[in-house]
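Notes for the one structure printed next.
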Protein chains: 2
Amino acid sequence: MKASPASKSIAQPPMSDRIYQSLKWSLIIGEYFPGSDLSIRSLAKKMGTSTMPVREALTRLASERLLLSSVKRSYKVAELDPKRVADQFFLRARLEGIATRLAVPNLTTEQIAELETLASMMDKDIEGGSNENYIVRNYNFHFSIYAASQNEELFWSIERLWAQTGPYLAQVVRNQTMPDEWQVLHSNIAKAIKSRNADLAAQLIEKDISWGVETFEAFTNSGASK
Amino acid sequence: MKASPASKSIAQPPMSDRIYQSLKWSLIIGEYFPGSDLSIRSLAKKMGTSTMPVREALTRLASERLLLSSVKRSYKVAELDPKRVADQFFLRARLEGIATRLAVPNLTTEQIAELETLASMMDKDIEGGSNENYIVRNYNFHFSIYAASQNEELFWSIERLWAQTGPYLAQVVRNQTMPDEWQVLHSNIAKAIKSRNADLAAQLIEKDISWGVETFEAFTNSGASK
DNA sequence: CGTCAATATCTGTGATCACTAATACATTGA
DNA sequence: TCAATGTATTAGTGATCACAGATATTGACG
């Protein structure tokens, strides 16, 4: 890693990239709700740029199926659709299981220690009801594992799915108290990884994801589906 | 459904979309080689449009990791990288296996009959050495199966991977005679589906994909890697 | 004849404008 | 009172221009 190449400015990434990343992250952590409209001009105004880079960011997100582009009307987050959400969580379970299996032998003892501290902090987040912290730590926990799979395409595919299921998370989880059963789940995953039991770790990860489908069914059956 | 709103034109999809689809298909069928440069202006000239829609198409493709956008230099197809290609084929094998397992119970007898005729035509393509036809029919064969999985996200993920591995195909396969072992492979897949043996079908699909890794290893070991 | 610097010619990026289509709302008619 | 219609607003799309950075070319000098 060498010193900064540019002489004067710190060579920021292109504006369109920054907007793209920012929006993607907002989707992942559930800042946007299903059905939300995202207009080019209003976003451009908010970000203090022209419409061009915003438009580029939105077309990219739509191309990755993270947003919908209605024919001539504004870009929007997909509406909550049972079949679609089920498909996405099914894929997540498979891919994240695969990634975990690949990762277990690769994770260093330092990385596993970090996972353990993260897991215990997440337990505290659940007790304290701080959903915001939990969501970010949950992302970090999972994706440090998936990064260790050392398969970039796999990592990217999973992150894409998180961005797709994020708005669902916003709708269902963000304003609820988290069930106690979630406690120790991530600690157990860390434990399984520590003992280098790839099958168990993958199994637990898939179980962690299955709550999504279950919570969703409970959610739609309760008549909350608008 | 009312009459066409526009008085003269048939409401074509946006130019940027058409360019995007066209380029993606070119990638899938291996028309571009690893390392190829794709400049906005030259493509715009070739397509008879302004730079704008081309630029949009290219940023979308780059966002899906189908192209690379070098810092300030033109967009390009990724160079052949053993690790990367291996990762992609690994993922393809997993995802296409999953899709096949889901698809087998869903495929109608008519669809299976179509798969059988496609398979026999592919056998003839191999005998006749018509790689071009084989490539397109191979796409149709595989993706009629994956469509029957009825999981759009899965379908899309697989198609994305095909677009990523397409240029590799262009480099390695396009100008070679196809090995005889490929014969009957797809017929066997169709047969397994017909007998509703999902496990066997998935196994054969994964085997069909594994040639990619093997051929690649043979290719790189032969010193052909530039 | 070789090396290096100046420059000309690409590249993508971002801003601005013109255009068409779709929505919202008010006006008008029955 | 309600429905149909027309208009104003707002949406994304595409073209054009200005700009900065990277490469390739060319020229001069050692």
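Reminder, nothing fancy here: chain letters follow the sequence lines and each chain counts from 1.
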* Asked: Picking from B:Leu95, B:Ile158, B:Ile98, what satisfies side-chain contact (heavy atoms from CB on, under 4.5 Å) with B:Tyr146?
  -> B:Ile158
* **N/O donor-acceptor pair under 3.5 Å between B:Ser39 side chain and B:Ser42 backbone** =>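 Yes, the answer is positive, given that a donor and an acceptor are paired below the 3.5 Å cut-off.
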* **Toward the 5' end of DNA chain C, by each residue's nearest nucleotide, B:Leu58 or A:Pro53** =>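 By nearest-heavy-atom nucleotide position, the 5'-most residue is B:Leu58.
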* Between B:Ser39 and B:Thr51, name the one whose nearest nucleotide on DNA chain C is closer to the 5' end. =>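 Mapping each residue to its closest nucleotide by heavy atoms, the 5'-most match is B:Ser39.
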Separation of [X] atom [atom1] from [N] atom [atom2], in whole Å?
X	N	atom1	atom2	result
B:Ile40	C:dC10	CD1	C1'	13 Å
A:Leu38	D:dT10	CG	P	18 Å
A:Arg41	C:dA18	CZ	P	13 Å
B:Glu56	D:dG12	CD	P	12 Å
A:Met47	C:dG14	CE	P	13 Å
A:Asp37	C:dA22	CG	P	16 Å
B:Met52	D:dT13	CE	P	11 Å
A:Leu68	D:dG12	CG	P	14 Å

Considering only side-chain heavy atoms of [X], which listed nucleotide, [options], is closest?
X	options	result
B:Tyr75	D:dG14, C:dT13, D:dG12	C:dT13
A:Thr49	D:dG12, C:dA15, D:dA15	C:dA15
B:Arg55	C:dG12, C:dG14, D:dA15	C:dG14
B:Ser50	D:dT16, C:dA18, C:dA15	D:dT16
B:Ser74	C:dG12, C:dT16, D:dG12	C:dG12

Would you give me the side-chain donor-acceptor pairs under 3.5 Å for residues 84-91 of chain B, sequence neighbours excluded?
residue : atom : partner : partner atom : Å
B:Asp87 : OD1  : B:Lys83 : NZ           : 3.0
B:Asp87 : OD2  : B:Lys83 : NZ           : 2.6

* Asked: Going by heavy atoms closer than 4.0 Å, what residues in residues 14-26 of chain A are next to DNA chain D?
  -> none
* Is there side-chain contact between A:Arg55 and B:Glu56, with heavy atoms separated by less than 4.5 Å? ->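 Counting from C-beta outward, A:Arg55 and B:Glu56 do come under 4.5 Å.
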* To do: Flag the pair A:Arg92 and A:Asp208 as a salt bridge only when some basic side-chain nitrogen lies within less than 4.0 angstrom of an acidic carboxylate oxygen.
  =>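 No.
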* Going by an N to O cut-off under 4.0 Å, is there a salt bridge joining A:Glu64 and B:Arg60? -> no
* **A:Asp125: salt bridge (charged side-chain N to carboxylate O under 4.0 Å, His left out) partners, not counting sequence neighbours** =>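 Scan of A:Asp125 (salt bridge (charged side-chain N to carboxylate O under 4.0 Å, His left out), adjacent residues dropped) gives A:Arg137.
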